[in-house]
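Remarks on the structure that follows.
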Amino acid sequence: MPELPEVETIRRELSSELVGQQIKSVQVHRPSVVHEDPVSFSHSLANRSFKQVQRKGKYLIFGFDQGPDMLAHLGMSGKFILDSSDSPELQPHDRVVFTTHQGRLVFSDSRCFGFLQRAKDMENHPRLARLGVDGLDPRLSATDLKKSWGKSSRDIKTLMLQQSPIAGIGNIYAAEILFAAKINPATPAKRLKLKDLQRLIGETHRILELALTHNGTSISDYRRVDDKTGEFQNFLQVYGKAGEPCPLCKQPIERLVQSQRSSFFCPQCQVL
DNA sequence: AGCGGAACCTGTCGGC
DNA sequence: TGCCGACAGGTTCCGC
């Protein structure tokens, strides 16, 4: 589900609404989504207060007034929902519920690819150690990309999804960024020159920023913490649009499977 | 080392 | 109506 703009939207909303709230209790309804002993997890988080919410790539890191941080990933269908109702009913996909003095924070995830886990040493967490430069980070450089990709004959689309050397891009934004940069998703990475990679970085920044401005893309599952949808789905140029005319040249958009994922592109505009 | 493919789990939709 | 396969904003792991 959630790529960088969706996760960052959620981070901002949690940051403004959740910070300062104290946890009364934690109920784990699906132990497998807590990647550690669920009993220790619940016990240790009780009575903690949320202090900050950070993001690295598609991961969220919750900081508390004391004790280890909590790492969270939303997988394909994970959501964080905040509510303040008095007698909320447990929904079928509610996996973990944090009850605070002001309401609840619910981790809901239909497919259970997401997870929560405390970690004392977040800096060296194996999940985070592999991440490259954040997709919104201005320090992202074409030279770094050339260094990582310069000798690879793999297709550029697959490499963009690997979270290194760039972190935060997923299937939707890979398609949109490549369309904007006029690069074919099947192009072997080593064929891209520095100026192509510079353009790719420019479009990465532009598209991710724009999507963030519109609070991300809601296609089916993704919701903001107040259950509202994002709006960037209204601005998609190629993702999910196989058979529809290209917004630039009217040629039909094509679908292609790469690394077991769908890619969408315009065969006429994305020639490189 | 790097690659392709399977696995994790659940839900929805379209075709027969 | 029911069953079956395809597909879905992700990531890790295993075997070659």
Side-chain angles (χ1 to χ4, degrees), chain A residues 1-11 29-35 55-60 71-80 91-96 107-117 125-132 135 147-179 185-186 188-190 204 207-208 210-212 214-224 229-243 255-264:
Chain A
M1 126 187 187
E3 309 179 32
L4 191 156
E6 291 76 34
V7 179
E8 177 61 16
T9 298
I10 289 168
R11 188 201 68 77
H29 298 283
R30 174 68 78 103
S32 64
V33 309
V34 174
H35 285 194
R55 180 186 60 77
K56 290 203 173 193
K58 301 175 194 173
Y59 291 87
L60 287 170
L71 184 65
H73 196 286
L74 299 172
M76 291 283 253
S77 53
K79 309 176 213 186
F80 278 111
Q91 299 303 123
H93 305 312
D94 291 353
R95 309 303 187 192
V96 178
F107 179 67
S108 164
D109 186 5
S110 62
R111 293 181 71 181
C112 296
F113 285 174
F115 74 91
L116 307 178
Q117 179 184 46
H125 196 288
R127 293 273 203 153
L128 302 180
R130 282 190 275 268
L131 295 181
K147 206 169 171 182
S148 298
W149 292 343
K151 291 186 175 137
S152 176
S153 13
R154 299 188 83 183
D155 59 77
I156 181 66
K157 154 72 181 336
T158 296
L159 295 182
M160 287 171 73
L161 296 184
Q162 294 196 1
Q163 309 311 306
S164 174
I166 310 180
I169 297 173
N171 213 31
I172 294 181
Y173 298 109
E176 297 298 311
I177 290 164
L178 287 170
F179 175 74
K190 65 182 176 191
T204 298
I207 301 266
L208 294 179
L210 189 62
L212 185 53
H214 293 282
N215 302 303
T217 303
S218 290
I219 288 177
S220 60
D221 283 333
Y222 166 68
R223 292 294 183 278
R224 298 164 62 186
T229 61
E231 303 91 41
F232 195 67
Q233 62 277 13
N234 301 318
F235 300 88
L236 296 175
Q237 305 290 294
V238 293
Y239 181 83
K241 299 193 181 295
R255 174 178 176 271
L256 161 76
V257 175
Q258 297 175 281
S259 301
Q260 315 172 83
R261 318 277 319 263
S262 290
S263 297
F264 300 91

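The basis for the numbers below is simple: all heavy atoms, side chains too, and nothing from hydrogens, waters or symmetry mates. We name chains A, B, ... by the order of the sequence lines, and we start the count at 1 in each one. Just so it is clear, the structure is predicted and the values come from calculations on it, not from any experiment.
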Item to check | Side-chain donor-acceptor pair present, A:Tyr59, A:Gln163, cut-off under 3.5 Å | outcome: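 Checked: A:Tyr59/A:Gln163 side chains show no N/O donor-acceptor pair below 3.5 Å.
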Take atom [atom1] of [X] and atom [atom2] of [N], then tell me their distance rounded to the nearest Å.
X	N	atom1	atom2	answer
A:Arg95	B:dG11	CZ	C1'	11 Å
A:Gln117	C:dT11	CD	P	15 Å
A:Ile219	B:dG11	CD1	C1'	16 Å
A:Leu71	C:dG10	CG	P	17 Å

Checklist entry - Is the backbone of A:Arg30 close enough, under 3.5 Å, to the side chain of A:Arg95 for a donor and an acceptor to pair up by distance? => result no
Checklist entry - With centres under 5.5 Å and planes under 30°, do A:Phe113 and C:dT11 count as stacked? => result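 No, the aromatic ring of A:Phe113 does not stack with the base.
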Item to check | Earlier contact from the 5' end, DNA chain B, for A:Asp109 and A:Gln260 | outcome: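 Result: A:Gln260.
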Checklist entry - Does C:dG10 have a Watson-Crick or wobble partner in any strand here, with both distances under 3.5 angstrom, and which is it? => result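 The answer is B:dC8, by the H-bond criterion.
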Compare side-chain N and O positions of [X] against OP1 and OP2 of [N] and report whether any pair is under 4.0 Å apart.
X	N	result
A:Ser152	B:dC3	yes
A:Arg261	C:dT11	no
A:His73	C:dG10	no

Checklist entry - To the side chain of A:Lys58, which of C:dA8, C:dT11, B:dC9 is closest? => result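 Within the option list, the nearest is C:dT11.
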Next on the checklist: Between C:dT11 and B:dA1, how many Å separate the two P atoms, rounded to a whole number?
Outcome noted: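 Those two atoms are separated by 23 Å.
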